[in-house]
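In what follows, a structure is listed as structure tokens, so that the remarks can point back to it.
The analysis underlying the following values was restricted to heavy atoms, covering all of them including side chains, and did not include hydrogens, waters or symmetry mates. Whatever order the structure lists them in is the order used to number ligands and atoms, beginning at 1.
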Amino acid sequence: MIDNLIKKHNEIFEKTHNYVFFSPGRINLIGEHIDYNGGLVFPLAINLGTYGVVSLRKDKKVKIYSEGFSKKPYIIDLDNFTKEGPFYTNYIKGMIFYIKEKFSNSQGFNIYIYGNIPAGAGLSSSASLELLIGVVLRALNNLEISNKDLALLGMRVENEYINLNSGIMDQFIIALGKKNHAMLLNTRTLEYKYAPFDLGENVLVVGFTNKKRTLADSKYNERFNECKEALEILKKETKINDLVDLKIEELEKYKDKLTNKLYRRVKHVITEQERTKKVFETLMKNDIKKLGKLLVEGHRSLQYDYEVSGLELDTLVNEFVKYGALGARQTGAGFGGSMIAIVPKKELKEIIKKVSKSYKEIIGYEADFFDVFASDGAKML
Ligand code: GLA
């Protein structure tokens with residue numbers, strides 16, 4: 001496949017390529033919607049992602065071509081930077097803009113971009129693109145910037161350039177993912193450790209609902225603001241920095257200070273934090289059965305307390321569990337997008353066949369399924 005991408009680059013830009021880069025997508029095993037609440041998250045970088053085939057230019061222009069976005073190349077002039085442009089260019093321009101603040105990044109280049117994460121699938125195609133551009137800029141300009149700092153810049157692009165209050169999870173795992181490992185990340189301190197990701201006789205399947213959405217037009221910011229509001233109320237009652245600092249018993253004590261909606265949002269955050277710790281332990285002990293159960297519990301919490309799943313995701317989760325998955329849950333922000341399931345290798349084909357059929361009957365259109373495995377973070381190939 002890479003040869004084919006190189007060929008395309010060379011044809012489109014009428015130039016021989018110099019480098020190839022790959023930036024993964026991500027799934028989150030558990031720890032959902034708590035990275036903006038100071039929580040622990042447990043994601044892994046996946047084998048699906050974004051490729052960038054690059055050649056150097058003599059001028060100070062960045063010429064972008066991606067069939068997924070537009071049939072016409074888009075040119076960014078590094079000397080005459082403007083913020084305006086089609087939506088997808090925000091991810092690219094945002095990275096260029098924030099890196100420019102700290103370093104001189106004047107090397108012009110052509111880039112042929114190819115992504116195999118379906119858009120709107122909730123597998124972080126946007127963070128994947130941000131980090132792709134981050135590692136390209138670093139390599140071409142010899143910048144001294146760590147993966148962690150590139151991840152933080154990616155988050156700034158979301159928060160300040162695009163105005164989405166997302167947390168650090170996606171960019172962090174995409175920058176620092178490790179083959180065959182998941183990462184337990186403390187989103188408050190940014191301390192992290194890797195856990196070998198081995199499901200034994202089982203495989204990890206991603207089910208994409210084909211209900212597409214962008215986070216910008218979802219209720220993501222609404223949830224962020226609800227958590228902020230709850231935190232302000234609870235801070236008057238007890239000494240906490242983030243919602244994850246609260247114990248569930250304390251929440252019960254302060255229940256009448258919150259509306260029922262805010263109470264349920266906080267309940268999700270607190271219980272999700274506990275589940276994430278348990279999922280980490282069960283993976284380390286290879287207790288995949290217990291891990292599966294925790295994933296389903298996590299999904300129910302997103303479904304009923306945090307209210308971010310929806311009929312399509314709930315249907316996929318329910319059908320996977322019904323037909324023999326050890327566990328299943330939404331992954332990422334929700335509101336459509338994708339879910340994950342842990343399925344016995346031997347029954348994989350059979351289970352997917354049954355889930356596919358039921359999903360189509362209930363929802364009216366097909367879901368897509370991918371086998372995924374844990375990959376390295378963004379890098380030059
Ligand atoms: C999106 C955001 C992340 C995180 C997840 C939900 O992927 O980009 O920061 O909040 O949703 O866990």
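Atoms of ligand 1 lying under 4.0 Å from any heavy atom of Ser166, numbered from 1 in the order shown and given with element: 2 (C), 8 (O), 9 (O). Under a 4.0 Å criterion applied to the non-hydrogen atoms of Tyr220, ligand 1 contributes the atoms 1 (C), 2 (C), 3 (C), 4 (C), 9 (O), 10 (O), 11 (O). Listed by atom number, the atoms of ligand 1 under 4.0 Å from Glu32 heavy atoms are 6 (C), 12 (O). Set against the non-hydrogen atoms of Asp170, the atoms of ligand 1 under 4.0 Å away are 1 (C), 2 (C), 3 (C), 7 (O), 8 (O). Each of the following atoms of ligand 1 lies closer than 4.0 Å to a heavy atom of Arg26: 7 (O). Close contacts of ligand 1 with Gly167, meaning ligand atoms under 4.0 Å from a residue heavy atom, involve 9 (O). Every atom of ligand 1 with a heavy atom of Tyr36 under 4.0 Å away is listed here by number and element: 10 (O).
Aromatic ring pairs are classed by plane angle as parallel below 30°, tilted from 30° to 60° and perpendicular above 60°; the pair His17 and His9 is perpendicular.
Counting heavy atoms only, Met169 comes closest to atom 5 (C) of ligand 1 of the residues Met169, Gln330, Met155.
Checked against the 6.0 Å centroid threshold, Tyr306 and His268 count as a close aromatic pair.
Judged purely by distance below 3.5 Å, without hydrogens or angles, the side chains of Asn28 and Glu32 pair a donor atom with an acceptor atom. Side chains of Thr16 and Asn10: no donor on one and acceptor on the other come within 3.5 Å.
Using a 4.0 Å cut-off between charged side-chain N and carboxylate O, Glu232 and Lys235 make no salt bridge.
Looking only at heavy atoms of the protein, atom 3 (C) of ligand 1 is closest to Asp35 OD2, 3.3 Å.
The side-chain tip of Arg57 does not point at the ring of Phe109 from less than 6.0 angstrom away and within 45° of straight on.
Remark: of the listed residues Arg300, Arg223, Arg264, Lys267, Lys267 is the sole one forming a salt bridge (Lys or Arg N to Asp or Glu O under 4.0 Å) with Asp305.
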